[in-house]
There are 2 protein chains.
Amino acid sequence: MNDATNNTTLTIGKVARRTGIGVETIRFYEREKLLPEPARDPSNGYRRYPESTVARLQFIARAKELGFTLRETRELLELRAGPATCGTVRAKAEEKLGDVRRKIEDLRRIERALRTLAEACPGEGALDDCPILGALEGGFGDGS
Amino acid sequence: MNDATNNTTLTIGKVARRTGIGVETIRFYEREKLLPEPARDPSNGYRRYPESTVARLQFIARAKELGFTLRETRELLELRAGPATCGTVRAKAEEKLGDVRRKIEDLRRIERALRTLAEACPGEGALDDCPILGALEGGFGDGS
DNA sequence: CTTGACACTGTAGTGTACTACAGGGTGTAC
DNA sequence: GTACACCCTGTAGTACACTACAGTGTCAAG
């Protein structure tokens, strides 16, 4: 992450506009260790972010939308930056894989229920005429 | 959801133990309209929940883990209970389907990156020896 | 130089989602 | 009757994730 070969760095405001994440939130993420402290412009103390920060922040935003807490997101990001050995990375990656696969499976259930619902409601009609309106329930928790 | 034919109803504590969700949270969900108000035992005013409440609460818990806000969860649950016509249900269900599919796609990306990571780290070795440790980044936001 | 946007640090406040508690009532076993 | 678990309502507090603000410095255009 050294931009010595590429001089393009961004101020915090530029990063914010690029990502739709507020400057205050970006500084918050730095405090929470989701972002590394960026280099500073020596002449004014302003943060200078590498271009890669944009992708990192977009990852963080998406992870939040997928139900990951900030701590979990940080752990995902640290997989490549933290542990000392490859074996540790592998073990942690596989643990996270289990979480991710479960989320996918659950979302698939919701998708199926919603699709069934949409296909069962082709047009006009009272709700009483849609016998599959209970499709959303029973799709969960009981191992179907 | 009428238990006239099935007398089994549950007190709030039983529902809480069955679901792992606290009684106070259950009452909170009722206030937030995620749960309908249950019938009451006339002799003491206690809530009596139908058996189906357990599945409903498990759905709510899982939806939260999947990144749905309570409002979004409520909207999902209201798909079968709210709008007046089948056509409206269909339109809303399809809107939600879009959200769900995007979440699935994003999770798939994370899954792939994690799998790549795990497979690239077969055992011991310094992190510098894992050239794919950057797999997590760049997997997002750019439509790669 | 003036003006307005942008940046800084540190503190305070907001929204969401719970969670705990106070005070009091109910049920059951001993 | 006692003790304890359970229930009720309503209020207050906590955790998480931001978001706003105060006071001050910096930059760039006019």
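Convention: sequence-line order gives letters A, B, ...; per-chain numbering from 1.
- Interatomic distance, B:Leu114 CG to A:Lys92 NZ, rounded to the nearest 0.5 Å: 12.5 Å.
- Here D:dA17 presents its P atom at 17 Å from CZ of A:Arg62, a figure rounded to the nearest Å.
- Summarising the geometry, atom CG belonging to A:Asp99 is positioned 7.0 Å from atom CZ belonging to A:Phe68; distances are rounded to the nearest 0.5 Å.
- Across all strands, A:Gly22 comes closer than 4.0 Å to no nucleic acid atom at all (heavy-atom distances).
- Proximity of A:Lys64 to the phosphate of D:dC16: no side-chain N or O atom is located under 4.0 Å from OP1 or OP2.
- Within the 4.5 Å cutoff, no side-chain heavy atoms of A:Thr11 are placed close to those of A:Arg47.
- Listed in residue order, the members of residues 25-42 of chain A having a heavy atom less than 4.0 Å from DNA chain C are A:Arg27, A:Arg40.
- Rounded to an integer number of Å, the gap from B:Glu24 CD to D:dA12 P is 16 Å.
- Whole-Å rounding puts the B:Lys14 NZ to D:dA5 C1' distance at 11 Å.
- When heavy atoms are screened at a 4.0 angstrom cut-off, B:Arg17 is found touching the sugar-phosphate backbone but no base atom.
- The side-chain hydrogen bond (donor to acceptor under 3.5 Å, both in side chains) contacts involving residues 31-43 of chain A comprise A:Asp41-A:Ser43, where partners must be two or more places apart or lie in separate chains.
- Heavy-atom contacts of chain A under 4.0 Å fall on DNA chain C between two terminal nucleotides, which in 5' to 3' order are C:dC6 to C:dT9.
- Between the B:Thr25 side chain and the B:Ile21 main chain, no donor and acceptor come within less than 3.5 Å of each other.
- Remark: the backbone N or O of B:Thr69 is paired with a side-chain donor or acceptor of B:Thr73 at under 3.5 angstrom.
- A distance of 4.5 Å separates CD1 of A:Ile12 from CZ of A:Arg27, quoted to the nearest 0.5 Å.
- At D:dG25, none of the side-chain N or O atoms of A:Asn44 fall inside 4.0 Å of OP1 or OP2 (strictly under the cut-off).
- A:Lys103 NZ to A:Leu107 CG: the interatomic distance, rounded to the nearest 0.5 Å, is 8.5 Å.
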